[in-house]
Protein chains: 2
Amino acid sequence: MLELRHLKTLLALYESGSLVAAAERLHVTQSALSHQIKDLEDKISASLFVRKSRPLRLTTAGYKLLHLAQDVVPQVKAVERELGRLATGETGRLHIAIECHSCYQWLMPTLNQYRQHWPDVELDLASGFNFAPLPALCRADLDLVVTADPEPLDGISYIPLFRYESLLALPKEHSLTKKRFIEPQDLASETLIIYPVEQGRLDIFKQFLDLAGVEPKAIRTSELTLMMIQLIASGRGVCALPNWALTEYLEKAYITAKPLGKDGVWSTLYLAVRDDQLNAPYMQDFILTAKDTCVETLQGITLLK
Amino acid sequence: MLELRHLKTLLALYESGSLVAAAERLHVTQSALSHQIKDLEDKISASLFVRKSRPLRLTTAGYKLLHLAQDVVPQVKAVERELGRLATGETGRLHIAIECHSCYQWLMPTLNQYRQHWPDVELDLASGFNFAPLPALCRADLDLVVTADPEPLDGISYIPLFRYESLLALPKEHSLTKKRFIEPQDLASETLIIYPVEQGRLDIFKQFLDLAGVEPKAIRTSELTLMMIQLIASGRGVCALPNWALTEYLEKAYITAKPLGKDGVWSTLYLAVRDDQLNAPYMQDFILTAKDTCVETLQGITLLK
DNA sequence: CAAAAAAAATGAGATTGTTTCAAGTTTATC
DNA sequence: GATAAACTTGAAACAATCTCATTTTTTTTG
């Protein structure tokens, strides 16, 4: 019944002091306004302003509406502007999930830098083990997924960030440290520590053990990389981790690490993005920032050969 | 562009979780809503909710609009309800002006009692000497005028409150106190104290002196009744005042008073009301309250004969 | 105070926007 | 993979809002 149009009219009427002026302001004819006001007055069965008076005076009803308009119209305009910026990609939402659980090294600097450039983009970072981020990305529950397993999905693009090698982390004095590289059957007598996800999603199974049909002696899980390192250092298992996630601990000589197989197990880390957001400026800039940060963060690390 | 309709739709959509349910809530077909949303989405060039999901999920743009709606729609509804009450006369504005400057005796009790019954009516009481309240009433600057001079005006009705007699207040030992009543020429040698208004609006001129073509020796003005009484008591003039305004001072024997002419000068005090407000419940009740209070307040007073 | 100018109201027709109906498509469910 | 429910789409009916042309009212000015 009551519409924003009416409130805008009240504002224009009050601020300009006459129908003619208000009509000009609103880019309609004076007749249109006259009709509009008459209709509104009929609907609320009260007049809105005293006609025989210049500048025009509002009635009680008119003032009530004016006050409402003064409250509401600016709010609405603000949201309209925000929607405009949303549509042109000047701002947006960036709900991120990481499938790779040692990404904080380069993701945190990325987010910090990005936040400065895009203070209005709604940033959120989720990392859980028990949900599939890619379907959530399709459903628009998420906007960006960091993953090493790109599944071909409709409307999803994958942007490669960098290649990395999965290394087997071992206690310093372990017998396998004598070998130049690890062979699948070496693990048949070891306890393998993994993140609590299905084995099919782990490089060490997909690209190494499964190919040789070997299973480790035992499997235990841990959610935290630091915890894994401690378990390894105390001889309670071994673990495959990305080279860059190990650098810190290798340099401090807490543990050692060896390639998996003669050529090593290599993967690529991707950013998965929905196509409808791919070209938005705020998304493109995130991708660039992430790539830059990866290069910076990773260039100094020890890459075992 | 954006309209309240759209905001209401967003609310219904969010609260009901589906187009069908929202359509039912809004009493339109689901098709109408579909069109409406599509139009809106085209206009803001962004989608509002993710379709492939039940219950439906809003996008960032959708949420922005939802939050706006949650803010704005209740405000608008509140004002609509208020306008409804205004229209039916359940509430309103009562800006009152008094032309008669000794009315507080009965007006204050009236206002106090009225306020309890109509807490939402916007009460205001103005009393100035230098403006004409009746034109202001016509212009809707005022809603009610207490006056003893009803001018026939279009759209104004006068409700008689009570009749009163104008008495000439005199010092206790004045020579005129020996007379049963005052004659016009008695005043030719007296200083007359009046409220600072044009003489044409005062009973003592209109109904007494002017008829006889007599002018007082001198005229001085005072804005306060109490001040007038003091001037009179100290022998510095005489003054015509309504009987009920004098009661208190006569009883305390500060002054005396005599009728003007053999039959006295009588007037009627009226409430002037614009016709468009006359039948509003809040106005009718004010009129009744005022009449009652007048009867109560005035019944105990000494009416000189 | 009357004439002129400005402002506002009015009515009819044109235009635009909104709704419904009917039929299609997609998505969810068993 | 069939069925039902939810949603989309296009065309036509319907309703609203606007403009144009004109009249009425109010204000200004000579």
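Quick caveat, the model's predicted, so the values are computed rather than measured. Lettering of chains follows the sequences in order, A, B, ..., and the numbering in each one begins at 1.
As a whole-Å value, the separation of B:L4 CG from C:dT18 P is 13 Å. Look at NZ on A:K38: it is 16 Å from P on D:dT24, rounded to the nearest Å. Rounding to whole angstrom units, CG of residue A:L26 and P of D:dT17 are separated by 15 Å. Here the P atom of nucleotide D:dC18 and the CD atom of A:E3 are 12 Å apart, to the nearest Å. If you measure from atom CG of A:L19 to atom P of D:dT26, you get 14 Å, rounded to the nearest angstrom. Protein atom CG of B:L48 is 14 Å distant from nucleotide atom P of D:dC7, rounded to whole Å. Note: CG (A:L40) to P (D:dA16) measures 14 Å, nearest angstrom. Straight-line distance from the CD atom of A:E41 to the C1' atom of C:dT10: 14 Å, rounded to whole Å.
Every residue two or more places apart in sequence or in another chain was checked for a side chain to side chain donor-acceptor pair (under 3.5 Å) with A:N279, and none qualifies. Under the rule for a side-chain contact (heavy atoms from CB on, under 4.5 Å), A:P74 has no partner lying at least two apart in sequence or in another chain. Scanning for side-chain contact (heavy atoms from CB on, under 4.5 Å) contacts around B:S157 gives B:D275, B:L278, with sequence neighbours left out. Scored by the side chain to side chain donor-acceptor pair (under 3.5 Å) test, A:E122 finds A:H95 as partners (sequence neighbours excluded). For B:P281, the side-chain contact (heavy atoms from CB on, under 4.5 Å) partners are B:W118, not counting sequence neighbours. Residues satisfying the side-chain contact (heavy atoms from CB on, under 4.5 Å) test with A:D210, not counting sequence neighbours, are A:F205.
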With a cut-off of 3.5 Å and sequence neighbours excluded, list every side-chain donor-acceptor pair involving residues 35-42 of chain A.
residue, atom, partner, partner atom, Å
A:Q36, OE1, A:T9, OG1, 2.5
A:E41, OE1, A:R51, NH2, 2.9
A:E41, OE2, A:L48, N, 2.7
A:E41, OE2, A:R51, NH2, 2.4

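Side chains of B:E24 and B:S16: a donor-acceptor N/O pair is absent below 3.5 angstrom, by distance only.
Rounded to 10 degrees, the angle separating the terminal helix axes of the helix from C:dC1-D:dG30 to C:dC30-D:dG1, each built from five base pairs, is 40°.
Counting any heavy atom pair closer than 4.0 Å across all strands shown, B:S34 reaches a base atom.
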Review point. For nucleotides 19-30 of chain C, read 5' to 3', which letter fits each nucleotide if B means a protein heavy atom sits under 4.0 Å from the base, S means only the sugar-phosphate is that close, and - means neither?
Key: BBB-----SS--
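Residues A:Y114 and A:L288 form no side-chain contact, since every pair of their non-hydrogen atoms from C-beta on lies 4.5 Å or further apart.
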